[in-house]
Amino acid sequence: MDIPSKYDPQRVEKQWYSYWLEHGYFHSEPDGREPYTIVIPPPNVTGVLHMGHMLNNTIQDVLVRRARMMGKNACWVPGTDHASIATEAKVVAKLRAEGISKDSIGREAFLEHAWDWTHNYGGVILEQLKKLGCSCDWKRTKFTMDPDMEQSVIRVFVDLYEQGLIYRGYRMVNWDPEAQTTLSDEEVNYEERQGFLYHIAYPVVGSDQKVVIATTRPETILGDTAVCVHPDDERYTHLHGKQVRVPICDRVIPVIADPYVSMEFGTGCLKVTPAHDENDYVLGQKHGLEIIDIFNPDASLNAYGLHYRGMDRFEARRAMAAELEEKGFLVKQETYVNKVGTSERTHAVIEPRLSDQWFLSMEELAKPALDAVLKSGEVKLVPSKFDNTYRHWMENIRDWNISRQLWWGQRIPAYYYGPGKEDYVVAETAEAALEKARARSGNPGLKAAQLRQDEDVLDTWFSSWLWPISVFGGILEPDNPEVNYYYPTSDLVTGPDILFFWVARMIMAGYAYRKQPPFHTVYLTGLVRDKQRRKMSKSLGNSPDALQLISDYGADGVRVGLLLSAAAGNDLLFEESLCQQGANFANKVWNAFRLVHGWKVADAPQPEAARLGIAWYRARLGEALLEIEDHFSKYRISDALMVIYKLVWDDFCSWLLEIVKPAYGQPIDRQTYDAVIALFEDNLRLLHPFMPFLSEEVWQYIAARSPQEALVIASWPRAGQPDAALLTGFDFTREVISAVRTIRKDKNLPFKEALALRVLDEEQIGPGWDVLIAKLANVSDIARVEQAPEGALSFRVKSNEYFVPLQGSVDVAAEIEKIREELNYTRGFLASVQKKLSNDRFVSSAPEQVVALERKKASDAEAKIETLEKSLANLR
RNA sequence: GGGCUCUUAGCUCAGCUGGUUCAGAGCACCUGCCUUACAAGCAGGGGGUCGUUGGUUCGAAUCCAACAGGGCCCACCA
């Protein structure tokens, strides 16, 4: 045979992927079929494939490939995201390494570098997805900064502005001092950090008294503009209306009273720094306090920092604590754990900062999006446990800060024509802006050169929230045939970590711009963790190299490995051995193929065992199909795969193939051969979404004769009603066969030595299944008897009793003991059932079927006891 | 601090609206086998009082309560 005995993924994967591409199987155009659409969660354009991508793209591919086989017009739109902060940070770092600063080269030159970077590294991840086998429609590949995608974003911005939903406001926002941009609330993570609570004494003006405040951030005292106490706090009543002196800078500030202050915390006395704390800002507004910002954009101290000017905030904190102590202001310093906001991207500690930013008002947008999930069910979250999380966020939604002080991204289409804060217009193009500006300013002579476009760009999510619409041109041409056909998409597969960042906002955009949800189902995968449950991350170095895995185990092996333990919504504990399991499975299928492929076919009558085995397997396949459909309908991909795994490995390979296998060197009859091939084909169809490469490879050997018959576009098997009698008959037979094998093992009887078998057929099974027992248990002679033969080993299946006559080697005492144990167990069982049945309350209150079942159990047990007693008597 | 969720074999998990086909699966483990598709394999086997305590019920892994211990999300207490 010229077929290698080990499956070699490397050899076939590249070949079939090119074959699929060459024949355009992944490309979709609108037609009369029902569409099945997925838009990929666009990965960062300069990113590389990690385990999370592997998992969710494998799931998407399984769904898409299956839908394609089910006759739907499957369209999986791939693409990438410009990832404003991340990409800009990378480019800045690269330039810095070359001794170039972003500001020195200016916006345009910087963007050129960024585009170069994007073109050099961009799309690598898409090539990696091909290695995984993803059946994306590559002709539809999109990038969030493609001209049409960008235009869609700008148009939406202008539209929302005109609706009054986008506004510019001076607010306390999250400032990332490292990236030097603001962040939305969602981009801030809170971490517990060990720090100190400093108790600092402020001298009261006009007395020798002092008031002690507690703070975790002593460096901000330079921005203090008040000290606040609770109006009812009797400890401080005497301070009302007084003034205190801020240590170090000696500024005199008022003592104010406000119920916001908690009397229990710290000293019950709060320093108020309106520029650097959201609550303090609110207090400042309320009490008309001065706002003193003491930081530069990189969070070093500015001129208000006095002799600490230019020093980093954390360094300044230590230095200032030392100075306060030295000068006697520091009363106490205790260790304290508090929550610190950090940047999602740079992990820098966030600084609350007041500035002018653009906001999107969310309340109105959130309403339909909330109803879609919780009321109408137009969008279903899988697993549904995320419904509550979603509700909570939606109901407490805050306005979205959409401006970023970056250059890489869609620039905000606001144009300033004058010095005033309100001297601006918003328009899609500079030309349109000029016209609007002339009208608004009342100055028809305004020149284009006098307009200054806003320097900021939009949050990346402000473009990705339109993704399911804009990839089909649905923003720019709302009524085009593509968007009308593909939208709403079918399923979205992504991680729960971006439920708010992305999923929720897409739903809002969907209702705002299409009056329809962007997708019907959101499948939220778990996080990929390592064996110690640690999240896989680059910094921990615990994430395996995705491409290395593919080359070690094959794409199919890795796909199976990932899916085997990926119950929806559960985190998945990844280890390489799972991929090994997947690769082993691939090899198993490969070898089944080798066996079948090696058979010589002859025109001969079909053996009864083969006929029966094939009939049974058809029923079994039908049964498995129903289970698989059920799992898919609940998005239990992992369970669907396990059903197929067991079907193929156990039922097909271990049972059916052993049943039909001709004796060594003998040919197989044509009828059996054809039937087995057909069943093998059905197995391959089921395997294909999970293991596309292996299944296509084998399929091409045994089934395909032309590109129109490729497995990738073959049809998914249809479920019928399986023959229940065949299934139960086979299960019974399987038990008999296993029992004979157990006897062989116990007694050390070689398989080659044929045995005889006698049956007390209480169950009236009949001889129909004997051919299978004969073949698989190597039994040469099976006969039904009326009475237990002497000198035989025995076993029972239900109330049937089986005997293997073995003169001389039977230990009668041991047999008696075995039967006694079974008898005891069965009597105990019967007793418990009878106890239940004699309980009137059970008989009267339990449902009829349950009672009937109990009666049946009792009579079965009685029958079995009878057989056992007979055998026991015989042995004696 | 609020909300959600989980705790079933060594590991990872199924067990839907309570009733012996519910005590399961895969992996791991143990014992035989290099049997002519496959040792990345074949055949056989052991293993859990379903976190703890109480309650509801004729009957609970399955419902309720409390407790213990995980996890997730949200939240401005310096």
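So you know, we letter chains A, B, ... as the sequences are listed, proteins then strands, and number each from 1. Since this is a predicted model, take the numbers as computed values, not measurements.
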(Q) Measuring only the P atom in each nucleotide, how far is rC64(B) from rC6(B)? A whole number of Å is fine. (A) 11 Å
**Q.** Watson-Crick or G-U wobble mate for rG59(B), both contacts under 3.5 Å
**A.** none
Q | OP1 or OP2 of rC58(B) under 4.0 Å from side-chain N/O of Arg841(A) | A | yes
Q) Where the side chain of Lys6(A) is defined as all heavy atoms beyond and including C-beta, which of rG19(B), rG26(B), rA40(B) is the nearest nucleotide? A) rA40(B)
Q. Looking only at atom P, what distance separates rU12(B) and rG59(B), rounded to whole Å?
A. 35 Å
Q. Have His287(A) and Asp258(A) got a donor and an acceptor in their side chains that come within less than 3.5 Å?
A. yes
Q. Paired with rC34(B) by Watson-Crick or G-U wobble geometry, both distances under 3.5 Å: which nucleotide is it?
A. none
(Q) Does rC42(B) have OP1 or OP2 under 4.0 Å away from a side-chain N or O of Trp649(A)? (A) yes
Q: Using the C1' atom on both, measure rA23(B) against rA14(B) and round to a whole Å.
A: 12 Å
Q) Heavy atoms under 4.0 Å, any strand shown: does Phe265(A) hit a base, just sugar-phosphate, or nothing? A) base
Q: State which of rC76(B), rA75(B), rC38(B) makes the closest approach to the side chain of Asn279(A).
A: rC76(B)
Q.
With a 3.5 Å limit on both atom pairs, tell me what rA65(B) is paired to, counting Watson-Crick and G-U wobble, or say none.
A. rU53(B)
Q) When we call it a touch if two heavy atoms are under 4.0 Å apart, what does Thr273(A) touch: a base, just sugar-phosphate, or nothing? A) nothing
Q: Could you let me know what rC29(B) is paired to, Watson-Crick or G-U wobble, both distances under 3.5 Å, or none if it's on its own?
A: rG45(B)
Q. Do the charged groups of Asp731(A) and Arg734(A) touch, with an N to O distance under 4.0 Å?
A. yes
**Q.** Under 3.5 Å on both distances, the Watson-Crick or G-U partner of rU17(B)
**A.** none
(Q) Does rC4(B) have its OP1 or OP2 closer than 4.0 Å to a side-chain nitrogen or oxygen of Tyr390(A)? (A) no
Q) What distance, rounded to whole Å, do you find between the two C1' atoms, one in rC13(B) and one in rU20(B)? A) 23 Å
Q) In terms of side-chain heavy atoms of Lys339(A), which of rA75(B), rA37(B), rA78(B) is nearest? A) rA75(B)
Q. Taking the same atom, P, in rA60(B) and in rU53(B), what whole-Å distance lies between them?
A. 15 Å
Q: Classify the ring geometry between Tyr701(A) and Phe593(A) as parallel (under 30°), tilted (30 to 60°) or perpendicular (over 60°).
A: tilted
**Q.** N/O (side chain, Asn591(A)) to phosphate O (OP1/OP2, rG41(B)) under 4.0 Å
**A.** no
Q. Of all the nucleotides listed (rG19(B), rC77(B), rC76(B)), which has the minimum atom distance to the side chain of Phe842(A)?
A. rG19(B)
Q: With heavy atoms under 4.0 Å as the rule, sort Val843(A) into base, sugar-phosphate or nothing.
A: nothing
Q) Paired with rA9(B): which nucleotide, if any, by Watson-Crick or G-U wobble criteria at under 3.5 Å for both distances? A) none
Q. Is a donor-acceptor contact shorter than 3.5 angstrom present between the side chain of Glu278(A) and the base of rA78(B)?
A. no
**Q.** Test item: Asp556(A) side-chain N/O and Leu694(A) main-chain N/O as donor-acceptor pair under 3.5 Å
**A.** yes
Q. So what does Phe500(A) hit on the nucleic acid, given a heavy-atom distance under 4.0 Å: a base, only sugar-phosphate, or nothing?
A. sugar-phosphate
Q) With sugar-phosphate meaning primed atoms plus P, OP1 and OP2, does Ser577(A) contact a base, only sugar-phosphate, or nothing at under 4.0 Å between heavy atoms? A) nothing
(Q) Students often get this wrong, so: under 4.0 angstrom with heavy atoms, is Asn587(A) touching a base, only sugar-phosphate, or nothing? (A) base
Q: Could you pull out the closest heavy-atom pair between Ala583(A) and Tyr553(A), with the gap in Å?
A: CB-O, 3.8 Å
Q. Expressed as a whole number of Å, how far does the C1' atom of rU8(B) sit from that of rA25(B)?
A. 12 Å
Q) Under 3.5 Å, is there an N or O donor on one side and an acceptor on the other linking the side chain of Lys588(A) and the base of rC38(B)? A) yes
Q.
Starting the side chain at C-beta, find the nucleotide from rG44(B), rC74(B), rG19(B) nearest to Arg741(A).
A. rG44(B)
**Q.** Under 4.0 Å protein heavy-atom contacts per nucleotide of nucleotides 28-34 of chain B, with B for base, S for backbone only and - for none
**A.** ---BS--
Q | Minimum-distance pair of heavy atoms, taken over all atoms of Asp224(A) and Lys271(A) | A | OD1-NZ, 2.7 Å
Q) Watson-Crick or G-U wobble partner for rC4(B), using a 3.5 Å limit on both distances? A) rG71(B)
Q) Can the ring centres of Phe680(A) and Phe652(A) be said to be less than 6.0 Å apart? A) yes
Q: Would you check, one step at a time, whether the test side-chain contact (heavy atoms from CB on, under 4.5 Å) holds for Val843(A) with Glu854(A)?
A: CA-CA 10 Å; Val843(A) 178; Glu854(A) 292 300 312; over 6 Å; no
Q | Distance-only polar pair, side chains of Asn800(A) and Tyr802(A), donor-acceptor under 3.5 Å | A | yes
